Amino acid sequence: MPRDHLQSAERSASAAPAPDRTRPDAARPAADGAEAPFLELLARGAPAEAYEQPVLLARAEGRPAERVAALERAKLLALRVRSEIEGRRRREAELSALFETAHDLAGLRDLDAVLRAIVQRARSLLGTDVAYLSLNDPERGDTYMRVTEGSVAARFQQLRLGMGEGLGGLVAQTARPYVTDDYFRDGRFQHTHSIDSGVRDEGLVAILGVPLTLGEHVIGVLFAADRRTRVFEREQIALLGSFAALAAAAIDTANLLAETREALSGLERANEIIQDRSAVIERASDVHDRLAELVLRGGGVHDVAAAVSEVLDGTVEFTEAPAAPAGALESSRAEGHAVRHGDDWIAAVAAGDELLGALVLRGHPGLDPVDQRTLERAAMVTSLLLLARRSAAEAEQRVRGELLDDLLDARDRDPRLLRDRATRLRADLDATHAVLAARLEGGTADADQEADARRRLWAAPPISPRPGTASLPPATAARSCCCRCPRDTATDLARRTARELGTAVHEPVTVGASAPVGRLLAGPHTVATAYAEARRCLDTLRLLGRAGDGSAAEDFGFLGLLLAGERDIAGFVDRTIGRVVAYDERRGTELLRTLDAYFACGMSPARTKDELHVHVNTVAQRLDRVGRLLGEDWQSPERALEIQLALRLHRLSGVTQPPPAQH
């Protein structure tokens, strides 16, 4: 909205007679109906000038002064709302352009194309005649034009600015944005003949320049300019600064890519020299590069085995210690070398006196010393990977376990400190979580077996490795955790966890889950209550003979009411007949009333129609609709019992039936 127009509207409103505060309706901003025409103008996005029409029309019709004053006030408020809407639309467009530019950077291939896109979008969003970008030249000590958009003068497009010369040279020298509404009348800048000639050829008057910085270093300047006098707003300066930051990131990325390509080119040349000198050195270098790459990108032991298989032209497998030939494995560990076992070669993967497994080269009886050392080196890298991952997992599990331990006892903990720790672990305590309890169903007849069960369950991969997962240190053979469940139900989460842990430890694992918890810090006992519910579900599964399965209270029907920590009656009713309740509320039907009568009449449609005083076909149609909402098995004994209990609880909750539909 034009600024002078808004100021005029404000002056008109301020000149209107003051309301009489002694009257009961004097505090109202406008008389009844005064805002209606302005709401219509807002709805259709009318121009600012149109908002004067209702006021002018009222005056022309000789309406009372109170009515005219009310319209003036309503007009002012409407203009303010319109201005706010336009501002938000403008900010949305600016953010959209920034996101699109960032997307271009993500797939960076051609630096010039990305810089052109930034300059084009900067010009479009700021609505300027010209936008351009210059880069600093450290060797010549000046800055030169790199990309222009909207420029028509060749001399301007080839300008070079010395540090401190002109507006751009001052920005490049001081690393601060500068703006002028009339460049040739602005004495803050050092005017030179070449710069002024180029700017004059282009016809520029108002210029805004912001620095492109990497760290503390200025690498160039991004400009927006008009061929007429113009005042750049603070928001426009900030927007151009954001585009400048993206441009600087693009340039830095391109430089890094160039350096990387150069480094890779150097490695390729070195590799060619190695190939020319010795095939042995080539193969050793190949395996070294492969293993180093795997380590750097976080590869696993099976990736190492696959890489070595290609180098040795054979099949290399990683096996755990119990599955490897005991004699050959012990011999390899004692000698520190790969040993032959029949047609295979075995290299122990060990850390000190602990055997972690072995790399086995299958069906390759002949092995030269270089290939043998390659297999041994791969075994060493494998041991380092296993140890590093074990240490990282233990450290993270310990920290997460301590967090969940404190959440269980949140009564004595400072919620702010708990939130800070959760943030560092990338855990959102306000997201929906489910607390799980897991138990290994192996034999635990004595202390040694119990300890082994705890060790294997604790050493298993993290439960549902997603952001927001934490685990308790297992004081017993049970393992507990708190998992985010943005899409899965608590039952789905428990079942998937039981499968994952069971696969990891090669034994059945039973998992119980609490109902979803919206905020883990909602109260001092929130997590503890959910954990107790999960343990009850776990114990119930074992009592029902469902060891090795996973479930939540919601999976047990009305039995879940007994397991839920806070007797989740509303949740049970919603899960059982919620779709029928929602249908009645949305359509004004009487499906709930029909269900009540149907069960009260012994599930007889004929008696039900007498109870409801409707035709039997109406009863049949309603029951058919209930079947589509609740499922075909809704009249089975088990489902019917749950539905009747849910209906009874729904009535006891005090919820009134929806009024019958009006026909």
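Heads up: numbering here begins at 1 and tracks the sequence. Since the structure is predicted, the reported quantities are computational estimates derived from the model, not experimental observations.
- Across all non-hydrogen atoms, the minimal contact from Val130 to Gly150 is CG2-O, 3.7 Å.
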Take Val119 and Leu115 through the test side-chain contact (heavy atoms from CB on, under 4.5 Å) and record every step on the way to the result. CA-CA 6 Å; Val119 172; Leu115 295 182; 5.5 Å; no
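- For the pair Tyr132 and Val147, the minimum side-chain heavy-atom distance is 4.5 Å or more.
- Evaluated for a side chain to side chain contact (heavy atoms under 4.5 Å, CB included) with Pro177, the options Leu222, Val210, Val221 yield exactly one hit, Val210.
- Within a 6.0 Å radius of CD in Glu262, other residues, nucleotides and ligands contribute 12 heavy atoms or fewer.
- Look at Lys75 and Glu52 and you find a salt bridge, because one of the NZ, NE, NH1 or NH2 atoms lies within 4.0 Å of a carboxylate O, short of that distance.
- Using a 4.5 Å heavy-atom cutoff, the side chains of Leu77 and Val81 are not in contact.
- Ion pairing between Arg579 and Asp574 fails under the 4.0 Å rule for side-chain N and carboxylate O.
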One pair to check against side-chain contact (heavy atoms from CB on, under 4.5 Å): Leu126 and Leu208. What are the steps and the verdict? CA-CA 11 Å; Leu126 269 65; Leu208 165 62; 4.2 Å; yes
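- Nearest heavy-atom pair across Leu212 and Ala244 is CG-O, 3.8 Å.
- Using a 4.0 Å cut-off between charged nitrogen and carboxylate oxygen, Glu202 and Arg155 do not count as a salt-bridge pair.
- Electrostatic pairing of Arg59 and Glu72 counts as a salt bridge here, judged by a charged N lying under 4.0 Å from a carboxylate O.
- Residues Gln236 and Glu233 meet the side-chain proximity criterion, which asks for heavy atoms closer than 4.5 Å.
- For the atom pair CG of Leu240 and CZ of Phe223, the computed distance is 9.5 Å after rounding to the nearest 0.5 Å.
- Taking CG of Asp186 as the start and CG of Asp181 as the end, the distance is 7.5 Å to the nearest 0.5 Å.
- With a 6.0 Å radius and a threshold of 12 heavy atoms from other residues, nucleotides or ligands, Arg188 has its CZ atom above the threshold.
- Ala248 and Thr213 make their closest contact through CB-O, 3.4 Å (heavy atoms, listed as atom of the first residue, atom of the second, distance).
- Nearest approach of Ile237 to Phe232, heavy atoms of both residues: CD1-O, 4.3 Å.
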For residues 156-165, run the donor-acceptor check on the side chains, cut-off 3.5 Å, and write out each pair with its distance to 0.1 Å, sequence neighbours left out.
residue, atom, partner, partner atom, Å
Gln157, NE2, Ser151, O, 3.4
Gln157, NE2, Ser151, OG, 3.2
Arg160, NE, Asp142, OD2, 3.0
Arg160, NH2, Asp137, OD2, 3.0
Arg160, NH2, Asp142, OD1, 3.1
Glu165, OE1, Gly162, N, 3.1

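- In His191, the NE2 atom is crowded: over 12 heavy atoms of neighbouring residues, nucleotides or ligands sit closer than 6.0 Å.
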Evaluate Ile195 against Val199 for side-chain contact (heavy atoms from CB on, under 4.5 Å), listing each step before the verdict. CA-CA 6 Å; Ile195 297 175; Val199 173; 4.3 Å; yes
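- With rounding to the nearest 0.5 Å, the separation of CD in Gln190 from CG in Leu170 is 9.5 Å.
- A distance of 11.5 Å separates CZ in Arg228 from CG in Leu204, rounded to the nearest 0.5 Å.
- Residue Arg234 qualifies as open at atom CZ: its count of foreign heavy atoms under 6.0 Å is 12 or below.
- Contact check for Asp201 versus Val152: no side-chain heavy atoms found under the 4.5 Å cut-off.
- Under the 3.5 Å distance criterion, the side-chain polar atoms of Arg123 are matched with a main-chain donor or acceptor of Asp129.
- A heavy-atom distance below 4.5 Å is found between the side chains of Asp112 and Arg146.
- Between Asp226 and Arg230 there is a salt bridge, with a side-chain nitrogen of the basic residue lying less than 4.0 Å from a carboxylate oxygen of the acidic one.
- Summarising the geometry, atom OG1 belonging to Thr128 is positioned 9.5 Å from atom CD belonging to Glu149; distances are rounded to the nearest 0.5 Å.
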Decide side-chain contact (heavy atoms from CB on, under 4.5 Å) for Phe189 and Ile207; before the verdict, give the C-alpha distance in whole Å, the side-chain angles of both, and the deciding distance to 0.1 Å. CA-CA 12 Å; Phe189 313 115; Ile207 305 175; over 6 Å; no
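- Note that the CG atom of Leu246 and the CD1 atom of Ile118 stand 5.5 Å from one another [nearest 0.5 Å].
- Contact record, Pro211 with Val171: N-CG1, 3.6 Å, taken as the closest heavy-atom pair.
- With a 4.5 Å cut-off on side-chain heavy atoms, Glu259 and Leu256 count as touching.
- Remark: side-chain polar atoms of Ser134 are not paired, donor with acceptor, to backbone N or O of Gly220 under 3.5 angstrom.
- Among residues two or more places apart in sequence or in another chain, the ring-ring contact (aromatic ring centres under 6.0 Å, His included) test is passed with Tyr178 by none.
- Within 6.0 Å of CZ on Arg176 lie no more than 12 heavy atoms contributed by other residues, nucleotides or ligands.
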